[in-house]
Amino acid sequence: MLSVTEVEKIILDLVKPLTDKEFIPLPQATNRILADNISSNFDFPYDDNSAMDGYAVKFQDVFMASEDSPVSLNIVEEIPAGYCPQKTILSGETARIFTGAILPLGADTIVIQENTQSEGCQVDIFTPPLKNDFVRYKGSFYRAGDFLLSSGSKLNPPEMAILATAQCLQVPVVRSPIIAILSTGDELITPDESMVKGKIIDSNQYLLASFIQQNGGIPLPLGIIADNPLFLENVIANALNKADWVISTGGVSVGDYDYVDEVLRKLGGKFHVKGVKMKPGKPLTIATFDQDKLYFGIPGNPVSTMVTCWRFLQTAMEKLSGKKNYRYPSIVKGITRNHLRSQGNRENYVWGNVKVVEGYYQFTLAQGSHNSGNLVNLQNINALAIIPQGTNLIEIGDDVDILLVNH
Ligand code: AMP
Ligand code: MG
């Protein structure tokens, strides 16, 4: 059976980033992935401007200024932000200037107002500036025509601000991946059905839909499929037609009613993963179909589903979405505040919370039963502690690897 890191690599090698492009209005572009390189016809800053409130001067006029012998200049103009200077500064002259305002011709340096004293049309400079102090030069942040943002960037707040500045009102983004989800099992009912003894509510469908949305995908929920190979075949064939990927839960173990592998084989799937040495999540199946379609068959226990999403699918979805520099799971080093036990035969993920204490991560187990069928105590967790294969016990205060989730 494959290790967790082997499976991670197999998945990432299989994932082909989407390249289809669509244009969407700028206000809707947050969290999307840019599909083209973006440039602007403008230099940034557009003009030489002032970084401070003060006085625009010729350095030559003021470099000798001191407390004992201040330099006195004539104020010939006031230049607020948004205003175009009308005058050229001559020797002995200055302009009152404010942050962001265009530097007038003739001036090369800003003296901050804290180092001056003004009266009427005169200002005294007490402290000599350095040459070019507080001037932001045209094009010093960016030159017109260069790449401003590169394709594959995720559009977070800074990138949104940059797009606005570039007047990119219709943003080319990679289309969002469509991921079909289905739940297999004769025992499953939907949340709006009345409870019947022996049945359980299909929670995985909601878990997966939410996870896919959180990661920029469009879930395509296909409902509950009974443990019947013919039904399964129909639904999976249909799902493969409609979606980029298909994720099913349940039916991939070795039980008599576990039909997913058989159906995938019948539909011509190529198997890449059949089990992973991890707990929970061991019976993971991964197969591919034509046109780079991936099928993930995840075991049905809700915690197995969640841990599989966090450990493998998050990074895989980032890559699928076209994000360059997709992120690997954030695994940090910390110490545990509980004994962490494992049978030692698989890499074991246990759930809980981390907080940073004096700069170090500290992990605490979630209260309640640590059972892969128990989704209740997954609520509000932010970390999974990883007990390596071959380790039976990590003692209180010992180092542990911690996978950060929901962060
Ligand atoms: P399976 O992987 O089909 O053997 O299912 C393992 C366990 O997960 C069983 O106890 C199922 O009842 C439970 N389970 C399977 N599918 C779901 C689902 N969609 N929602 C909640 N629990 C499920
Ligand atoms: Mg089942």
Side-chain angles (χ1 to χ4, degrees), residues 1-2 4 7 179-214 217 219-236 238-239 243 245-266 269 271 273-287 295-313 343 346 348-351 366 368-379 381:
M1 203 178 288
L2 298 162
V4 172
V7 170
I179 303 184
I181 45 184
L182 49 116
S183 301
T184 75
D186 286 345
E187 74 277 35
L188 301 175
I189 58 173
T190 56
D192 58 350
E193 285 180 77
S194 313
M195 187 44 87
V196 177
K197 216 171 184 51
K199 302 285 181 188
I200 61 164
I201 290 167
D202 170 15
S203 54
N204 287 345
Q205 191 108 199
Y206 290 83
L207 183 158
L208 286 173
S210 167
F211 172 80
I212 290 164
Q213 278 172 330
Q214 260 189 354
L220 181 64
L222 296 179
I224 296 167
I225 323 300
D227 290 319
N228 173 318
L230 281 178
F231 291 171
L232 264 179
E233 187 182 330
N234 259 333
V235 176
I236 293 176
N238 178 33
W245 287 358
V246 181
I247 303 179
S248 65
T249 58
V252 286
S253 305
V254 292
D256 288 349
Y257 299 94
D258 293 330
Y259 294 118
V260 170
D261 286 6
E262 171 187 327
V263 168
L264 296 178
R265 202 164 292 117
K266 191 155 174 224
F271 286 78
V273 174
K274 189 65 218 107
V276 50
K277 271 186 262 169
M278 88 191 263
K279 181 177 186 273
K282 179 172 92 166
L284 177 67
T285 287
I286 300 175
Y295 190 101
F296 295 90
I298 303 178
N301 274 311
V303 183
S304 312
T305 304
M306 195 68 259
V307 171
T308 306
C309 286
W310 282 329
R311 183 62 187 82
F312 296 124
L313 292 185
Q343 287 168 348
R346 289 179 266 159
N348 195 345
Y349 289 72
V350 290
W351 47 104
S369 168
H370 279 256
N371 180 299
S372 60
N374 180 15
L375 50 74
V376 176
N377 71 345
L378 282 182
Q379 66 185 293
I381 65 158

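Ligands are counted one by one from 1 in listed order, and the atoms in each one are counted from 1 as well. Quick caveat, the model's predicted, so the values are computed rather than measured.
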- prompt: With backbone taken as N, CA, C and O and side chain as the heavy atoms from C-beta onward, which portion of Gln205 lies under 4.0 Å from ligand 1: side chain, backbone, both, or neither?
  reply: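 Gln205 to ligand 1: no contact under 4.0 Å from either part.
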
message: Side chain, backbone, both or neither: which applies to Ile224 and ligand 1 if a contact is any heavy-atom pair less than 4.0 Å apart?
response: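 It is neither; nothing of Ile224 touches ligand 1.
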
query: Strictly under 6.0 Å, is that where the ring centroids of Phe296 and Trp245 end up?
result: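 Yes; Trp245 has its ring centre under 6.0 Å from that of Phe296.
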
Any donor and acceptor pair, going by atom type alone, linking the side chain of [X] with main-chain N or O of [Y] inside 3.5 Å?
{"X": "Asn374", "Y": "Ser369", "answer": "yes"}
{"X": "Arg346", "Y": "Met278", "answer": "yes"}
{"X": "Glu262", "Y": "Tyr259", "answer": "no"}

Looking only at protein heavy atoms, which one is nearest to [atom], and what is the separation?
{"atom": "atom 11 (C) of ligand 1", "answer": "Glu187 OE2, 3.0 Å"}
{"atom": "atom 18 (C) of ligand 1", "answer": "Asn204 ND2, 3.1 Å"}
{"atom": "atom 22 (N) of ligand 1", "answer": "Ile200 CD1, 3.4 Å"}
{"atom": "atom 19 (N) of ligand 1", "answer": "Asp202 OD1, 2.8 Å"}

- prompt: Is there a heavy atom of Val252 sitting under 4.0 angstrom from any atom of ligand 1?
  reply: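 The answer is no, since Val252 has no heavy atom less than 4.0 Å from ligand 1.
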
message: If we only consider heavy atoms of Ser203, is any one of them less than 4.0 Å away from an atom in ligand 1?
response: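 Checking ligand 1 against Ser203, which is what was asked, there is a heavy-atom contact under 4.0 Å.
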
Which of the atoms of ligand 1 are close to [X], meaning less than 4.0 Å from one of its heavy atoms?
{"X": "Ile201", "value": "20 (N), 21 (C)"}
{"X": "Thr249", "value": "19 (N)"}
{"X": "Ser183", "value": "19 (N)"}

Would you say that [X] contacts [Y] through its side chain, given a criterion of any heavy-atom pair below 4.5 Å between the two side chains?
{"X": "Leu313", "Y": "Ile247", "result": "yes"}
{"X": "Val196", "Y": "Ile189", "result": "no"}
{"X": "Phe271", "Y": "Asp261", "result": "yes"}
{"X": "Tyr349", "Y": "Trp351", "result": "no"}

Nearest-option assignment for atom 10 (O) of ligand 1, heavy atoms, candidates Asp186, Leu375, Leu207, Asn301: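 Of the listed residues, Asn301 has the closest heavy atom.
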
query: Which one of Pro299, Gly300, Gly251 has a non-hydrogen atom at the shortest distance from atom 5 (O) of ligand 1?
result: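 It is Gly300 whose heavy atom sits nearest to atom 5 (O) of ligand 1.
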
task: Please say whether more than 12 non-hydrogen atoms of neighbouring residues, nucleotides or ligands are located less than 6.0 Å from NZ in Lys282.
output: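 No.
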
